[in-house]
Student: 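Please find one structure pasted underneath; my questions will follow.
Counting from 1, the numbers follow the sequence of the chain as shown.
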Amino acid sequence: MIFNLFKKTKPRRSAVLLIYTGGTIGMKEDPADGTLKPFDFNALMEEVPELRKFGLDIDTYSFSPLIDSSDVEPSLWQSLVNLIFEKYDDYLGFVILHGTDTMAYSASALSFMLDNLDKPVIFTGSQLPVGQPRTDGKENLISAVEIATSRDLQGRATVPEVCIYFNSKLLRGNRSTKINATGFDAFSSPNYPPLATAGISIKYNSSYIHYPQGSHKAFSIHTGLDTRVSILKIHPGITEQAVRDILLGSGTRAVILETYGAGNAISKDWFIRIVREADRMGKVLLNVTQCLSGDVNMDLYATGRHLKDAGVISGHDTTTESALGKLFYLMGSYSDNAKVKELLEMNLKGEISK
């Protein structure tokens, strides 16, 4: 259900749709057991009366039931993109309130599922509930709304991308990762600069923002996702059976290998043998570094070269969250794994520096 919070005397297209999926920003402490539990969305809005000062029409949509960040599934992403598609022409931009634990996964996925986007879709949330005195939720929400409705002198959206706004920084969604469980600087974009920084004013880094080029194509969405992806994190002492179970599992179409450094893994014969067997089975194998910054270069060391020769594809400087969303999207769009592998190495939505 859509609610209009701040109605104007002259009806017009509302500026922003505020979508509440759940998360800490809308939590309140239960006096009985001290745990954080969600409260009514209208009560959340009462905590941020500063939004009225924008003089904007702000509509809200609340998911029911609310979704804890740790319970996020691809079905939520499908619901979000369907909602945005349905309401696309009615708003200048969209702000999605979301739990922090899986926010980077959701922002990454939506960046691939929303095609020919020319409006802002801004994810935000908080580390402290908005009703607490030291909450970071108010500033995050207020700035996200301002960014979602910002237009340039030609009337175009200032940031027509899927982004995360947190702690005074606007980050490209598919370049973001959560780096801090307890601090206000919860998110970082190690391999790509912020699209904007907020101080006394919001400074937009236009040279890093992606704008639609050439003839404008119609906005469209992709809701078909294939989630048969596993993640194998390489670590000292990893067993042959664990590697075999993940790489050769019958229910897995693709595997993201989180490797050391510039894309290195153990060089034991049994490991390379299993990787080659997975490649012969036609599985998509994508190499992503465990490091927060830097990229995969499988030509740098012999261990990386062994993976490349065994059929593993470089993920370059993509995040694990982005790699997962990209694979879900590509595998849902193409049944041919060779096509999926080809597109994995291409920069589709600004997710890799290539």
Side-chain angles (χ1 to χ4, degrees), residues 101-102 104-105 108-109 174-179 181 188 190-191 226-331 334-347 351-354:
D101 286 347
T102 52
Y105 287 98
S108 293
N174 59 33
R175 291 288 193 144
S176 303
T177 189
K178 186 174 181 181
I179 61 165
S188 178
N191 289 321
D226 186 340
T227 63
R228 291 177 291 165
V229 181
S230 293
I231 299 174
L232 175 65
K233 185 165 186 172
I234 304 301
H235 60 84
I238 194 169
T239 67
E240 180 175 353
Q241 189 60 52
V243 173
R244 182 174 294 278
D245 289 345
I246 293 176
L247 286 182
L248 305 182
S250 60
T252 300
R253 184 177 169 191
V255 178
I256 299 169
L257 289 86
E258 284 194 350
T259 57
Y260 304 131
N264 304 308
I266 55 178
S267 56
K268 292 181 179 178
D269 288 342
W270 64 260
F271 181 81
I272 299 300
R273 207 166 46 243
I274 294 173
V275 173
R276 290 186 182 280
E277 185 176 349
D279 179 61
R280 285 194 298 271
M281 294 171 67
K283 293 180 184 286
V284 180
L285 307 174
L286 183 66
N287 191 346
V288 173
T289 178
Q290 295 177 17
C291 299
L292 274 179
S293 61
D295 63 338
V296 167
N297 181 354
M298 290 189 287
D299 292 318
L300 194 58
Y301 297 101
T303 53
R305 170 65 74 168
H306 290 326
L307 292 178
K308 183 177 180 180
D309 292 342
V312 178
I313 299 168
S314 173
H316 302 285
D317 60 349
T318 192
T319 64
T320 297
E321 296 94 330
S322 182
L324 190 72
K326 189 174 183 178
L327 277 166
F328 283 2
Y329 157 72
L330 288 176
M331 296 192 328
Y334 302 96
S335 58
D336 181 6
N337 278 2
K339 183 65 174 179
V340 172
K341 293 178 182 180
E342 175 189 341
L343 292 175
L344 269 179
E345 295 220 69
M346 296 176 61
N347 179 23
E351 72 281 2
I352 56 176
S353 301
K354 186 181 179 184

Student: Decide side-chain contact (heavy atoms from CB on, under 4.5 Å) for V288 and L257; before the verdict, give the C-alpha distance in whole Å, the side-chain angles of both, and the deciding distance to 0.1 Å.
Tutor: CA-CA 6 Å; V288 173; L257 289 86; over 6 Å; no

Student: How far does OG1 of T177 sit from CG of N174, to the nearest 0.5 angstrom?
Tutor: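 Between T177 OG1 and N174 CG, I get 12.0 Å after rounding to 0.5 Å.
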
Student: With a 3.5 Å distance limit and no angle check, can you tell me whether K326 reaches the backbone of L344 through a side-chain donor-acceptor pair?
Tutor: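 Yes, the answer is positive, given that a donor and an acceptor are paired below the 3.5 Å cut-off.
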
Student: Looking at D269, I want to see if its CG is surrounded by more than 12 non-hydrogen atoms of other residues, nucleotides or ligands under 6.0 Å.
Tutor: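 12 or below, so no.
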
Student: With no hydrogens and no angle check, is any side-chain donor or acceptor of R228 less than 3.5 Å from a backbone partner on A254?
Tutor: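 Not a single qualifying donor-acceptor pair exists.
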
Student: Test V243 against I234 for side-chain contact (heavy atoms from CB on, under 4.5 Å), laying out the working first.
Tutor: CA-CA 9 Å; V243 173; I234 304 301; 5.7 Å; no

Student: Can you name the closest pair of heavy atoms from G263 and V296 and give their distance?
Tutor: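 Scanning both residues, the minimum pair turns out to be CA-CG1, 4.1 Å.
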
Student: In the structure I gave you, are the side-chain heavy atoms of I313 and E345 within less than 4.5 Å of one another anywhere?
Tutor: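 I313 reaches E345 side chain to side chain.
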
Student: Judged by atom type as modelled, is there a donor-acceptor pair below 3.5 Å linking the side chain of T102 to the main-chain atoms of Y105?
Tutor: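 Not confirmed, T102 side chain does not pair with Y105 backbone.
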
Student: Taking the side chain as every heavy atom from C-beta outward, state whether K283 and D279 have any atom pair closer than 4.5 Å.
Tutor: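 No, side chains not in contact.
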
Student: For the pair K268 and E240, find out whether any cationic side-chain nitrogen is under 4.0 Å from an anionic carboxylate oxygen.
Tutor: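 Salt bridge between K268 and E240, a charged N being under 4.0 Å from a carboxylate O: no.
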
Student: Between the side chain of D317 and the main-chain N/O of G294, is any donor-acceptor distance below 3.5 Å?
Tutor: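 Not confirmed, D317 side chain does not pair with G294 backbone.
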
Student: Between Q290 and E258 (side chain of the first, backbone of the second, donor and acceptor by atom type, cut-off under 3.5 Å), is there such a pair?
Tutor: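 Here the side-chain-to-backbone pair exists.
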
Student: How far does CZ of R305 sit from CG of D309, to the nearest 0.5 angstrom?
Tutor: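 Going from CZ on R305 over to CG on D309, the span is 5.5 Å.
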
Student: Please report the interatomic distance CZ(R276) to CG(L307), rounded to the nearest 0.5 Å.
Tutor: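 If we round to the nearest 0.5 Å, R276:CZ and L307:CG are 9.5 Å apart.
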
Student: Apply the side chain to side chain contact (heavy atoms under 4.5 Å, CB included) test between V229 and each candidate in V284, T252, L324; give the one that qualifies.
Tutor: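 Result: among V284, T252, L324, L324 is the only option passing the side chain to side chain contact (heavy atoms under 4.5 Å, CB included) with V229.
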
Student: How long is the span from the OH atom in Y334 to the CG atom in D226, to the nearest 0.5 Å?
Tutor: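 It comes to 14.0 Å.
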
Student: Are the side chain of T289 and the backbone of G261 linked by a donor-acceptor contact shorter than 3.5 Å?
Tutor: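 The answer is yes, because a donor-acceptor pair under 3.5 Å joins these two groups.
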
Student: With a 4.5 Å heavy-atom cut-off, do L285 and V275 have their side chains touching?
Tutor: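 In contact.
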
Student: Could you go through E277 and R244, starting from their C-alpha distance and side-chain angles, then the distance that decides it, and tell me whether this counts as salt bridge (Lys or Arg N to Asp or Glu O under 4.0 Å)?
Tutor: CA-CA 10 Å; E277 185 176 349; R244 182 174 294 278; 3.8 Å; yes

Student: Grab the two heavy atoms, one from S267 and one from T303, that are nearest each other, plus how far apart they are.
Tutor: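 Closest heavy-atom pair between S267 and T303: CB-CG2, 3.9 Å.
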
Student: Hey, what do you get for NE2 (H316) to CG (L286), rounding to the nearest 0.5 Å?
Tutor: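 Rounded to the nearest 0.5 Å, the NE2-CG separation comes to 9.0 Å.
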
Student: How about I238 and L232: do any of their side-chain heavy atoms sit closer than 4.5 Å?
Tutor: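 In short, these two side chains touch, coming nearer than 4.5 Å.
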
Student: Can you confirm whether D295 sits close enough to N191 that some side-chain heavy atom of one is under 4.5 Å from a side-chain heavy atom of the other?
Tutor: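 D295 vs N191: side chains apart.
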
Student: Atom CD1 of I246 and atom CD of Q241: how far apart are they, to the nearest 0.5 Å?
Tutor: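 Taking CD1 in I246 and CD in Q241, the distance rounds to 10.5 Å.
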
Student: Are P236 and Y260 side-chain neighbours, meaning at least one heavy-atom pair lies under 4.5 Å?
Tutor: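 Side chain of P236 against side chain of Y260, heavy atoms only: contact under 4.5 Å found.
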
Student: Minimum heavy-atom separation for M346 to E342, with atom names?
Tutor: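 Closest approach of M346 to E342: CG-O, 3.6 Å.
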
Student: Taking I352's backbone N and O only, do any of them form a donor-acceptor pair with R175's side chain (distance below 3.5 Å, no angle check)?
Tutor: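 At least one qualifying donor-acceptor pair exists.
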
Student: Determine whether a donor-acceptor pair (N or O, by modelled atom type, separation under 3.5 Å) exists between the side chain of S322 and the backbone of T318.
Tutor: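 Flag not set: sc S322 to bb T318 has no pair under 3.5 Å.
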
Student: Taking the side chain as every heavy atom from C-beta outward, state whether M331 and R253 have any pair of such atoms under 4.5 Å apart.
Tutor: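 When only atoms from C-beta onward are counted, R253 and M331 do touch, with a gap below 4.5 Å.
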
Student: Closest heavy-atom contact between G282 and N337?
Tutor: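 Of all heavy-atom pairs spanning G282 and N337, the closest is O-ND2, 2.7 Å.
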
Student: Under 3.5 Å, is there a donor-acceptor pair linking the side chains of T259 and N287?
Tutor: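 Checked: T259/N287 side chains pair up, N/O donor to acceptor below 3.5 Å.
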
Student: Does any non-hydrogen side-chain atom of K308 lie less than 4.5 Å from one of V312?
Tutor: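 The answer is no; the side chains never approach within 4.5 Å.
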
